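Worksheet for the structure shown next.
Each chain gets a letter, A, B and so on, in the order its sequence line appears, and its residues count up from 1. This one's a predicted model, so the numbers in the text were calculated from it and none came from an experiment.
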There are 2 protein chains.
Amino acid sequence: MVTLKDVAKKAGVAVSTASYALNNNPKISETTRNMVLTAANELDYRPNGTARNLKKQKTETIGLFLNDLAGPYYSEIIRGVQKVVSDNEYDLVVCSASGGTDSTAYKFLQERRVDGAVILAPKITDKEIYQVARTQLPVVVLDRKLESDYIKYVLIDNVNGSYQAVTHLINRGYKNIGFLSGPEESYDNKERYEGFSRALNDNNFLFDENLLFKGDFTEEEGYKVISKFLKNDISIDALFAANDEMAIGAIQAIKENNYQIPNDIAVVGFDDIRLSSYINPPLTTVRHPKYEMGTFATHMIFQILQGAATESIVLPTQLINRESS
Amino acid sequence: MVTLKDVAKKAGVAVSTASYALNNNPKISETTRNMVLTAANELDYRPNGTARNLKKQKTETIGLFLNDLAGPYYSEIIRGVQKVVSDNEYDLVVCSASGGTDSTAYKFLQERRVDGAVILAPKITDKEIYQVARTQLPVVVLDRKLESDYIKYVLIDNVNGSYQAVTHLINRGYKNIGFLSGPEESYDNKERYEGFSRALNDNNFLFDENLLFKGDFTEEEGYKVISKFLKNDISIDALFAANDEMAIGAIQAIKENNYQIPNDIAVVGFDDIRLSSYINPPLTTVRHPKYEMGTFATHMIFQILQGAATESIVLPTQLINRESS
DNA sequence: AAAATTTATTGAAACGTTTCACTATATTTA
DNA sequence: TAAATATAGTGAAACGTTTCAATAAATTTT
């Protein structure tokens, strides 16, 4: 492994000179700089990032920590984060947060291997986030309402989004609206249920607890739960799913039971994932600005790193009317 | 920032003792270990990963370098890589390779911030890969045929896959088969074209150069190119697209021009992305084992790290027959 | 021509760990 | 009881950089 010391020796200068030369410090004369550069070239020298990071006490790297690296849902958020990180000439690493306290996410946060973090990973607890956040490690969360000097949030208006979706169903004349729920502890799920409830209340509907279906945000579970329900009963004429994945599973189940969508049963989802516009029938859903979540969140990280003030924000949603309702 | 020194001072022991204690070295007595542990707790000590990495000369981190972090195509590969990395109790970071020599991927490779790399990023040149690969940084490539002591590849049998797809079209009686191509310099594209050509040859078809459509692997471009073609001409009865994204764009174009799929024009894609089975009509395509690409590649990395022998491999593909052909 | 300033280079400390080689004490063996 | 061994803890070097403070040489100012 060739180090700066080797380069310096070969160039016949001090290590410090070599360092300055390679970093284009103006104190170094043109001639010595060239000597160092050629030496470095000939030896095929590569600076050691770890050593630099240790000395400089920063990594110029932002971490994006996700529960599931591969979720289709995240694509646009990743793009947004990537954009702002590169604009600031920082690096981005995306890490998994599954696996609790020995997840990569947790380690990277604890061990200061990033200078800032965008978190969309319910598995990381509030407590852990409070522990790691500080000036040199600002955190922006996308999956909960958490705030302190170094912690900000970027959320979407879940309540309003589902309120609109459900109101839309009511306006179209649907009477018995089911709720296909995500995991109970999920912040997004809770908020979406809240919007659902409020819309019912405001229209003097009362909610039949039997129409609350418990899913887990996966297509598979949406399919299973609704299949099972339709075997015995068909007391719903509309279904609001807490996310698109489950809505897509539900649609599958409904079609397999030979009900018409939206005539017999209407379906509305939440998220507007790519798939939603391609399925049959195309899914009515609540769109939210995923790319912007990424850009805003990352922008906030850099604001905090620079000591500037920032405010947490809640982004608006938009109902996308398609043929499933 | 509380360091090991602070912990040692508080516990009244030497720094080395504190280090041994925290790392559960058996040389340390139960009592001192506890003293150190309580001190660490009280001070809320977090070890500095960068310092440890520097000293240990390794990061226990594997990098997965992708052209586009957000591509839907990558999901399963990521899952596969993640699996094997966690099984080996290493960490995974996924980084973008867009941006050439100042991409994060390039920097991480150069600066030894990972101990091994899985690369699926045509933007990183062969030369760069040759430069960085070595015992302490084995590389497995998924997008080209590159090999040395520390570089292995995991590829899919592109030629055979498209050969089968095209043979399938011929067997069904299609006569005028177009090829919707990806970027010309893409390894995958070249191989897929090769399989296409061979299938035509072996069946004594000769290829009309006018039926070679130049796309870039995106849905949008597939749509545009085929739309334009269908405006003037309809001399094809089948289309083989070098990937599913373009096939999906083509299907859209064909439907908009009021041709029936597969009666007027059949379409076959390559990759079997999730969307392909949901669109209308469901897309016939060539499936390849993405998850396994990830697991095999990562497994090979660890083999090399442990000084064991490994062989590059080519994985088989499978024709998935759906209603678009 | 001496003093002051600028320019180019350097040695050494520091970043926060790990780990080798050593010492002091306690325990066992002959 | 002396010698040998085991146990528990320590000091210091090392990992590869960056950067401060110091110095030497060259240039400018008085």
Contacts satisfying salt bridge (Lys or Arg N to Asp or Glu O under 4.0 Å) that involve residues 63-79 of chain A (not counting sequence neighbours) are D68(A)-R79(B), E76(A)-R79(A), R79(A)-D68(B)
Ordered by number, residues from residues 27-39 of chain B within less than 4.0 Å of DNA chain D (heavy atoms) are K27(B), I28(B), S29(B), T32(B)
When the rotation axes relating C1' atoms of four end pairs to the next four are compared across the helix from dA1(C)-dT30(D) to dA30(C)-dT1(D), five pairs an end, they differ to 10° by 50°
So the salt bridge (Lys or Arg N to Asp or Glu O under 4.0 Å) pairs with at least one residue in residues 86-100 of chain A (sequence neighbours excluded) are K83(A)-D87(A), D91(A)-K107(B)
With sequence neighbours left out, the residues meeting side-chain hydrogen bond (donor to acceptor under 3.5 Å, both in side chains) with S186(B) are none
So the salt bridge (Lys or Arg N to Asp or Glu O under 4.0 Å) pairs with at least one residue in residues 114-131 of chain B (sequence neighbours excluded) are D126(B)-R144(B)
Taken in chain and number order and not counting sequence neighbours, the residues that satisfy side-chain hydrogen bond (donor to acceptor under 3.5 Å, both in side chains) with T218(A) are D216(A)
The side-chain hydrogen bond (donor to acceptor under 3.5 Å, both in side chains) partners of R112(A) (sequence neighbours excluded) come to none
So the salt bridge (Lys or Arg N to Asp or Glu O under 4.0 Å) pairs with at least one residue in residues 33-56 of chain A (sequence neighbours excluded) are K10(A)-E42(A), E30(A)-R33(A), D44(A)-R46(A), R52(A)-E111(B)
In B/S/- notation (B base, S sugar-phosphate only, - none; protein heavy atoms under 4.0 Å), nucleotides 13-19 of chain C written 5' to 3' is -BBBBBB
Residues pairing under ring pair (Phe, Tyr, Trp, His ring centres under 6.0 Å) where one sits in residues 85-122 of chain B, two or more places apart or in two chains, turn out to be Y90(B)-F302(B)
For T298(B), the side-chain hydrogen bond (donor to acceptor under 3.5 Å, both in side chains) test, sequence neighbours excluded, returns none
Worksheet item: Any luck finding a side-chain donor-acceptor pair between S16(A) and S19(A) under 3.5 Å?
Response: no
